[in-house]
**Q** 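There's a structure below that I have some questions on.
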Amino acid sequence: MAEKEKTYVEDIDRRMYDFRNSDEDNFHLHEGLTPEIVRQISEEKNDPEWMRDFRLASLATYEATDMVDWGPEIDGLDMDNIVTYVRPKDNKMVADWEEVPTDIKDTFERLGIPQAERESLAGVGAQYDSELVYHNVKEEVAAQGVIYTDLESALHGPYAQMIQDHFMKLVPPTDHKFAALHGAVWSGGSFVYVPPGVSVEIPLQSYFRLNAPGAGQFEHTLIIVDEGAYLHFIEGCSAPKYNVANLHAGCVELFVGKNATLRYSTIENWSKNMYNLNTKRAKVEEGGKVEWISGSFGSHVSYLYPMSILNGRGARAEFTSVTFAGAGQNLDTGTKVVHNAPETSSYVNTRSISKGGGISTFRSSVVINPKARQSKAAVSCQSLMLDDISRSDTIPAMDIRTNDADVGHEARIGRISDESVFYLMSRGMSEEDARALIVSGFADNVGKELPLEYAVEMNNLIRLEMVGAIG
Amino acid sequence: MEKNLIINRIPSLTYRWLRMNETNIKVPESPAVCGCEVQVPAGVETETVPADAALALATGSGEETAAWICQNMTEIPRFALKDETAADAPLRLRFSPAKAGAYACEITVGAGSSLTVVEWMDLSALKEEDAFALQTRYDVAEGASLTLIQVQTGSACGKVFSNLGGHCAEKGSFALYQIILGAKQSFYGNTTALAGKRSSMTADIAYFLQENETLDMNYLADHTGKKTTCNMYAAGVLCDHASKLFRGTIDFKQGAKDAVGSELEEVLLMDENCVCRTIPVILCAEEDVEGNHGASIGRLDEGLMFYLQSRGIDPEAIYEMMARARVEAVVNRIPEEETKKALLEILDAGLFRR
């Protein structure tokens with residue numbers, strides 16, 4: 001019998017992201033993590049007093065919290081060697097790309113951010129190392145009452161109380177060790193507020209670029225979508241690859257009001273020296289909906305589990321993701337959903353591909369509490385392994401505490417089913433075309449949810465070449 | 001005197017806040033050794049082996065549990081079926097302890113042979129403060145088959161442990177049937193090492209829990225051989241304030257080419273205070289495998305309830321009927337008529353104590 005040909009799947013092409021600027025002239029804090037460093041960050045930020053106290057308390061929580069005993073090893077991450085704050089020497093956030101320092105502007109030009117803003121976005125925030133260098137929102141969007149600003153200046157303006165009421169309430173520093181770290185050294189990030197009934201038809205985007213070697217990025221994104229409003233928020237990230245570890249411990253907190261909808265899309269393409277220990281959480285009120293669209297292609301190690309807390313009757317969460325783990329990568333991703341109210345629903349649809357020794361783990365939890373009567377939850381995860389040196393694990397958990405709920409879960413791993421191929425062939429396709437169609441659709445669950453420009457970018461990250469069949 | 005025991009630890013840990021990775025319980029510090037009635041069919045030889053020379057096989061509930069169960073045993077009975085032999089009747093072990101205790105045994109099935117083993121735990125004489133533990137290790141040689149049927153009855157018993165662990169050689173097959181009815185707290189675990197090419201394991205588990213009963217399970221199919229298969233099916237009914245935790249892991253190790261593993265769980269939740277927790281896991285280090293798992297959890301379909309009530313059947317009778325159907329579906333798969341008949345009689349007498 002002729003040897004089965006295998007489908008060839010290219011590695012992620014990182015060349016367009018793997019460029020770097022000199023870091024020599026930038027301002028760096030000393031490596032490591034001490035109360036003094038935290039105070040210095042707070043001074044740099046001109047924090048209000050409550051934030052400075054918050055940072056120091058978070059540091060104490062970090063010191064007192066142990067590391068989890070599950071998940072990928074992070075032995076290569078030594079906080080004594082991580083610089084928690086780096087800023088350009090002429091640190092200034094502007095609303096005009098022409099005022100951004102040339103090397104930084106060129107960086108974002110190469111990444112296509114200004115172009116995307118011109119063509120298809122309602123506003124952009126661009127963060128370079130620890131600081132936002134550019135932030136702008138289109139006039140017509142601002143005229144609707146939409147606030148899209150950097151979080152730090154919002155701490156002092158008319159939204160200061162709103163920020164204080166929401167900041168790290170969904171993800172408290174006690175949540176886990178790296179949430180506490182974030183609370184101590186966070187820097188940069190955006191605040192978005194969408195007033196009741198306002199629909200922001202065009203997405204807002206934040207882009208995070210970490211240029212400095214051995215540095216950490218700890219941006220905080222806080223979004224409040226008020227009653228009946230709509231927003232699509234996109235975040236992207238990248239970094240050049242170094243031989244030393246970089247750390248990303250950002251935090252995203254989303255508050256979705258009554259009957260509001262928030263779509264949160266991420267294309268994560270950190271370099272392969274990055275430890276991505278990010279925390280994202282949404283709280284959804286009655287009739288509200290959060291949609292997570294997530295493409296994870298980068299990092300050396302990832303711990304990433306966007307969480308949805310469905311607190312109001314009829315609240316809904318959808319989570320759609322694709323993860324590509326290549327050589328040198330251990331990507332532990334998934335989602336968590338907690339149903340706390342009646343008639344809530346959640347739908348999880350994930351895909352993962354492991355190749356070249358990469359390790360991909362899908363880890364999830366669905367909790368349905370006693371009050372969540374007539375709730376529904378469905379989880380579907382599919383994994384494709386392309387060689388026998390890679391790994392793919394699925395570890396879903398369900399905790400159901402009411403009998404008045406419908407919960408379904410399915411997972412598949414391995415190769416293309418012969419039945420699917422037979423079905424397509426019975427419709428007139430050749431075997432090769434049938435297999436090609438099945439595989440090309442495998443990672444499409446995320447691509448079709450993104451705006452076209454981002455789907456193109458995502459598809460540029462994964463190119464599937466079909467030569468024969470998988471397996 | 002009691003001690004802490006960590007039992008049923010899942011091979012791949014997950015979020016600690018879920019409290020599903022393992023269970024920490026109090027057990028009698030030094031369990032007494034208890035006996036059982038044994039019916040040994042022709043062809044099966046009985047011997048004893050020193051406890052420290054027992055089969056070195058991993059068990060589902062873990063090494064600590066295995067050591068705890070056997071700590072007061074100097075010898076362990078081994079039931080061995082020689083090569084190329086078909087036993088003419090099942091090997092039956094019946095446990096009717098009057099007081100708390102533990103029992104461990106080994107079962108070896110020679111090449112090309114087949115054996116059915118029935119382990120019936122009638123714990124009705126035990127009380128809430130009592131614990132009973134049963135440990136069975138098994139070795140299935142090339143081309144052999146072992147069918148192990150376990151039944152647990154007796155609602156007053158405090159804690160019940162069934163700890164299994166075994167190995168299948170090339171084309172060896174292990175079929176496990178477990179019917180779990182009663183006991184305040186039940187702890188079940190099985191690890192089957194599918195080491196031989198084309199070896200297989202199936203597990204059909206049914207349980208019915210009511211009042212404040214709990215069931216804690218940990219099953220692992222460890223695929224290292226090529227073209228190995230496993231199929232785990234767990235069907236259960238939870239009533240009142242009953243609680244269940246099912247951990248099922250299919251582990252495709254590197255080298256297990258063309259292995260196939262599937263896992264399905266179906267749980268019927270009768271009352272609003274039940275707690276159903278489940279964590280079906282697939283671990284995969286091999287490319288050419290097929291693994292799938294599914295879980296369906298919920299209450300009686302309202303349309304079905306309406307239909308049956310419109311036919312004059314009262315709700316309590318409907319609950320009894322549907323609960324029985326869930327358990328009976330697994331009972332009917334048991335390939336040993338005497339055990340099946342006895343179980344159907346138990347079902348006829350009714351499952352509900354309320």
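Just so you know, these numbers come straight off a predicted model, no measurement behind them. Here is how names work: the chains are called A, B, and so on, in the same order as the sequence lines, proteins then strands, and each is numbered from 1.
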**Q** Does any non-hydrogen side-chain atom of K336(A) lie less than 4.5 Å from one of W17(B)?
**A** yes
**Q** So, do V367(A) and L18(B) sit near enough that their side-chain heavy atoms are less than 4.5 Å apart?
**A** yes
**Q** Please identify, among N292(B), V281(B), I297(B), the residue contributing the most non-hydrogen atom pairs under 4.5 Å to chain A.
**A** I297(B)
**Q** For the residue pair I413(A) and I250(B), establish whether any side-chain heavy-atom pair is separated by less than 4.5 Å.
**A** no
**Q** Is a donor on one side and an acceptor on the other found under 3.5 Å between the side chain of N403(A) and the backbone of G298(B)?
**A** no
**Q** Determine the option with the most heavy-atom pairs under 4.5 angstrom with chain B, choosing from G408(A), S365(A), P370(A).
**A** S365(A)
**Q** Using a 4.5 angstrom heavy-atom cutoff, name the option from G255(B), S296(B), G294(B), A295(B) with the most pairs to chain A.
**A** A295(B)
**Q** For the residue pair R277(B) and M398(A), establish whether any side-chain heavy-atom pair is separated by less than 4.5 Å.
**A** no
**Q** Provide the closest heavy-atom pair for I389(A) versus Q254(B) in the form atom of the first, atom of the second, distance.
**A** CA-NE2, 3.8 Å
**Q** When you measure from the side chain of Y15(B) to the backbone N and O of A397(A), does any donor-acceptor pair fall under 3.5 Å?
**A** no
**Q** Would you call D399(A) and R19(B) a salt bridge, using N to O less than 4.0 angstrom?
**A** no
**Q** With sequence neighbours left out, what residues match E343(A) under side chain to side chain donor-acceptor pair (under 3.5 Å)?
**A** R313(A)
**Q** Would you mind telling me which of A377(A), S364(A), S354(A), S380(A) has the largest number of heavy-atom pairs within less than 4.5 Å of chain B?
**A** S364(A)
**Q** Is it true that R16(B) and D66(A) make a salt bridge, defined as a side-chain N closer than 4.0 Å to a carboxylate O?
**A** yes
**Q** For chain B, which of V68(A), D388(A), D332(A) has the most heavy-atom pairs under 4.5 Å?
**A** D388(A)
**Q** Listed by chain and number, what are the salt bridge (Lys or Arg N to Asp or Glu O under 4.0 Å) partners of E22(B), not counting sequence neighbours?
**A** R9(B)
**Q** Using a strict threshold of under 4.0 Å (side-chain N to carboxylate O), is an ion pair present between R401(A) and E272(B)?
**A** no
**Q** Just how far is it from atom CZ of R391(A) to atom CD of E286(B), taken to the nearest 0.5 Å?
**A** 11.0 Å
